[in-house]
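The first residue of the sequence shown is numbered 1, and numbering continues consecutively from there. Each ligand, and each atom within it, is numbered from 1 in the order the structure gives. In this text, all values refer to a predicted model and were calculated from it rather than measured experimentally.
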Amino acid sequence: MNREDELAEALADVESRLRAAARAAGRTRDELTLVAISKTWPAQDIVALHALGVTDFGENRDEEARDKAAALMGLRGAGLRWHFVGSVQSSKARSVASYADVVHSLDRLSLLRALSAGAVRAGRTLDVLLQVSLDGDQRRGGAVATDVPALAAATERVPGLRLAGVMAVAPLGADPSKAFADLAVTAARVRADHPAASWISAGMSGDLEQAVAAGATHVRVGSALFGHRPPILR
Ligand SMILES: *Cc1c(COP(=O)(O)O)cnc(C)c1O
């Protein structure tokens with residue numbers, strides 16, 4: 001099978017999972033945004049999925065994301081949006097702010113300031129999601145839930161950023177349903193103060209059903225679309 005057909009088949013499978021998960025939760029597919037996590041995969045794969053109707057793509061490393069965004073500049077006008085889903089070093093914030101439309105991993109004040117400055121400098125407004133650490137282990141990124149309301153308030157006060165909602169990755173080995181239920185509590189708390197911050201980015205290839213059941217609006221799907229990533233050599 002050629003790569004285009006392989007991607008089309010994988011997309012059809014993911015779409016049917018999304019429709020079934022939405023139906024099971026009394027929701028509809030159009031409440032969900034599929035973010036195709038294209039890290040490690042070539043730009044041609046993005047072009048192929050875009051031709052099949054996927055508009056949102058996510059990357060987790062600045063250099064790779066920047067190169068792909070530059071190579072695919074022509075698809076901007078055709079609705080392509082870039083999501084940054086990895087941890088952002090503050091020194092990379094200016095670069096990320098120059099091409100990303102959505103940053104899912106805002107988790108600290110120093111990064112907030114750096115992203116705001118980068119967005120202003122680029123003359124852009126970024127949608128940002130506050131990443132929540134569901135197990136309190138911040139080494140994998142994310143703010144602890146009790147710090148999120150203050151971070152949300154700070155986000156509303158700076159130029160160049162729009163507070164869009166919250167994001168999390170289910171902790172390794174945790175029950176994803178429990179993790180995403182915890183995220184929903186933090187999401188509701190943020191929404192109480194900031195009604196427009198309605199996005200919940202949760203769910204990946206292995207746990208998108210549990211995330212949709214818990215109210216996710218954005219699912220981040222990599223391997224179920226592209227296949228298994230080769231090991232990253234650094
Ligand atoms: C890689 C990645 C994903 C996609 O994971 P899959 O299991 O391949 O679907 C989602 N979210 C983040 C933050 C990632 O880094």
Quiz item: How close does the nearest protein non-hydrogen atom get to atom 13 (C) of ligand 1, and which residue and atom is it?
Solution: V85 O, 3.5 Å

Practice problem: Considering heavy atoms of the protein only, find what lies nearest to atom 6 (P) of ligand 1 and give residue, atom and distance to 0.1 Å. | Solution: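 Looking only at protein heavy atoms, the one closest to atom 6 (P) of ligand 1 is S205 OG, 3.5 Å.
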
Quiz item: Where's the contact between K39 and ligand 1, heavy-atom distance under 4.0 Å: side chain, backbone, both or neither?
Solution: side chain

Quiz item: Among M167, M204, H104, whose heavy atom sits nearest atom 10 (C) of ligand 1?
Solution: M204

Please determine if [X] and [Y] form a salt bridge, counting it only when a charged side-chain N lies under 4.0 Å from a carboxylate O.
| X | Y | answer |
| --- | --- | --- |
| D182 | K178 | yes |
| R29 | E15 | yes |
| D101 | R124 | yes |

Quiz item: Given F226 and R3, is the side-chain contact (heavy atoms from CB on, under 4.5 Å) satisfied, shown in steps?
Solution: CA-CA 9 Å; F226 294 96; R3 183 62 172 155; 4.0 Å; yes

Practice problem: Could you grab the distance from atom CD of E63 to atom OG of S95, nearest 0.5 Å is fine? | Solution: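 Between E63 CD and S95 OG, I get 9.0 Å after rounding to 0.5 Å.
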
Quiz item: Just which atoms of ligand 1 are under 4.0 Å from any heavy atom in R220?
Solution: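 Result: 4 (C), 9 (O), 10 (C), 11 (N), 12 (C), 13 (C).
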
Practice problem: Using a strict 4.0 Å cut-off to heavy atoms of V221, name the atoms of ligand 1 that fall inside it. | Solution: 9 (O)

Exercise. Mind checking salt bridge (Lys or Arg N to Asp or Glu O under 4.0 Å) for R113 and listing every partner two or more places apart, or none if nothing turns up?
Key: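 Applying salt bridge (Lys or Arg N to Asp or Glu O under 4.0 Å) to R113 gives none.
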
Quiz item: Purely on distance, is any nitrogen or oxygen of G222 under 3.5 Å from one on ligand 1?
Solution: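 Yes: some nitrogen or oxygen of G222 is under 3.5 Å from one in ligand 1.
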
